**Q** 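The structure is given below, and queries will be raised subsequently.
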Protein chains: 2
Amino acid sequence: MKTPKISEAVVRRLPVYLRCLQLLQDLNIRTVSSYELGQKLDMNPAQIRKDLAYFGEFGRKGIGYEVDYLVEKIKQILKLDRSVNVALVGAGHLGIALSNYNRYTKEKLSIAAIFDTDPEKIGTLVGSLTIQHIDELERSVQEHDIRIGMITVPAPYAQGVADRLVQAGVKGILNFAPVSLLVPPDVHLRSADVTTELHALAYYIQE
Amino acid sequence: MKTPKISEAVVRRLPVYLRCLQLLQDLNIRTVSSYELGQKLDMNPAQIRKDLAYFGEFGRKGIGYEVDYLVEKIKQILKLDRSVNVALVGAGHLGIALSNYNRYTKEKLSIAAIFDTDPEKIGTLVGSLTIQHIDELERSVQEHDIRIGMITVPAPYAQGVADRLVQAGVKGILNFAPVSLLVPPDVHLRSADVTTELHALAYYIQE
DNA sequence: TAGATTGTTAATCGATTAACAATC
DNA sequence: TAGATTGTTAATCGATTAACAATC
């Protein structure tokens, strides 16, 4: 499994393949071709084959891909085969909604700590986690080996939270606040705010 | 304002520029250069200029862009200068969290209706909106001229909801369910699910 | 005028798609 | 064997960046 130079576009598609394959697993489907995957995902089969081929030879000519095997391989590639701990900063409505995102799955990627500043909320239980004061962030990141931070605080506080997450050693940030953040080049930042998505959709809905 | 052939990448960046410019407005900053914007957004200034130039000549050589004017222009381009109604399907935690996303802004893009199937929830108020049964969807889309649908139902129901939204005449869908949806080519679909984002981030957090 | 910055063309870079030999 | 489908190279397509004349 050598990695010549994987583009972000490729990495972003792997979870999509994974999800589709897991659905096939539930249906007890053993084997799938890039053509069939392409149909289900509305994608070009050549692209799917090429994406997978960056990481190894996972298929069999004339047959296709063995679903179980490919699921395992993609999990390995994405590092979802080992535990990945996530911190959630901001226990508002959105934070609470996201906090139970994998409560019912056996994923190794999971939320390990929740933070806020509101004294009313601190000490409160959300699922099995106690909301902690944000001053516990640095200690907690160390303690739980947290690698990813999710930011669901109001926009004006988001950059400050990002700075603290980076300082604490987090390597990936998923930002839900409607603001553009700046982080060092070694930290991976993804934006997931509704506003931007809706504004982009608005462009396309003219008659 | 002629539009030769605008790529999705360009459209996705416009809301980011808009948000940054609105922040500058709050600071009473009158004028900004593509270089300064690039600094704030960690982007190449040439790209910003080129993106904007697709839609017109908004800047002044030697000066830069007038902030207020550019805000208005981008709003026009994105069609945020007229009202855009959104339907939210799925009044779970995430749906409720998203429902008040613009409660405190004066945006013309706003959520006009909320749907669910749970009898316990129907009739309940969320902000100023009453949760309706999903069978009201088609009628409500007509009545409120709804153009965009946001899907926050459990994954197994998401495709069914998408089909109904499309059937009802919606032209844009923002899907939060962790599943790949298929829609006709004239409907614009964006995925906003946390799972995919976190899985992609997991790839980058190896040591 | 000198300095700054746009709009735009040309050059570069990268990503997607088509095609096909290899092979199950 | 014949048909199917991969992995991969080559061709195409599109997006980003650099450079610079125009001009405020």
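What you see is a predicted model; the values in this text were computed from it and never measured.
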**Q** As a test of reading the structure: which of D:dT16, C:dT5, C:dG7 is closest to the side chain of B:Ser33, going by heavy atoms?
**A** C:dT5
**Q** Please give me the minimum heavy-atom distance between B:Lys121 and B:Ile131, naming the atom from each residue.
**A** O-CB, 3.6 Å
**Q** Would you kindly give the CG-to-P distance between B:Leu52 and C:dG7, to the nearest whole Å?
**A** 8 Å
**Q** Do the ring planes of A:His188 and B:Tyr204 sit parallel (below 30°), tilted (30 to 60°) or perpendicular (above 60°)?
**A** parallel
**Q** To check you understand the geometry: which heavy-atom pair defines the closest contact between B:His199 and A:Leu78, and what is its length?
**A** O-CD2, 3.7 Å
**Q** Identify all stems in which DNA chain C takes part, counting only runs of at least 3 consecutive pairs (Watson-Crick or G-U wobble, each distance under 3.5 Å), and give each as one range with another, ordered by first number.
**A** C:3-24 with D:3-24
**Q** Taking the side chain as C-beta and beyond, is there a heavy-atom pair between B:Glu8 and B:Arg190 under 4.5 Å?
**A** yes
**Q** Is A:Tyr65 near enough to D:dG7 that one of its side-chain N or O atoms lies under 4.0 angstrom from OP1 or OP2?
**A** yes
**Q** Reading DNA chain C from 5' onward, which residue's closest nucleotide shows up sooner: A:Ala9 or B:Glu36?
**A** B:Glu36
**Q** With rounding to the nearest 0.5 Å, note down the distance linking NZ in A:Lys5 to OH in A:Tyr54.
**A** 11.0 Å
**Q** Please report the distance, rounded to the nearest Å, between CG in B:Asp42 and P in D:dT16.
**A** 14 Å
**Q** With B:Ser34, which of B:Gln47, B:Gln39, B:Arg49, B:Met43 fulfils side-chain contact (heavy atoms from CB on, under 4.5 Å)?
**A** B:Arg49
**Q** Please give, in whole Å, the distance from D:dT8 P to A:Phe55 CZ?
**A** 14 Å
**Q** Distance check needed: D:dT16 P versus A:Glu8 CD, whole Å only.
**A** 12 Å
**Q** Distance check needed: D:dG14 C1' versus B:Asp51 CG, whole Å only.
**A** 14 Å
**Q** Please report the distance, rounded to the nearest Å, between CD1 in A:Ile48 and P in D:dT5.
**A** 13 Å
**Q** So, OP1 or OP2 of C:dG14: does either fall under 4.0 Å of a side-chain N or O from A:Ser7?
**A** no
**Q** For nucleotides 17-24 of chain D, just jot down a letter per nucleotide in 5' to 3' order: B, S or -, based on protein non-hydrogen atoms under 4.0 Å.
**A** BBB--BBB
**Q** Should A:Ser34 be listed as having a side-chain N or O under 4.0 Å from OP1 or OP2 of D:dT5?
**A** no
**Q** Do B:Ile146 and B:Leu137 touch side chain to side chain, with heavy atoms closer than 4.5 Å?
**A** no
**Q** Hey, are the side chains of B:Val179 and B:Asp193 touching, using non-hydrogen atoms and a 4.5 Å cut-off?
**A** no
**Q** At what distance, to the nearest 0.5 angstrom, does CG of A:Leu129 lie from CG of A:Leu88?
**A** 9.0 Å
**Q** A:Arg12 CZ to C:dT16 P: how many Å, rounded?
**A** 11 Å
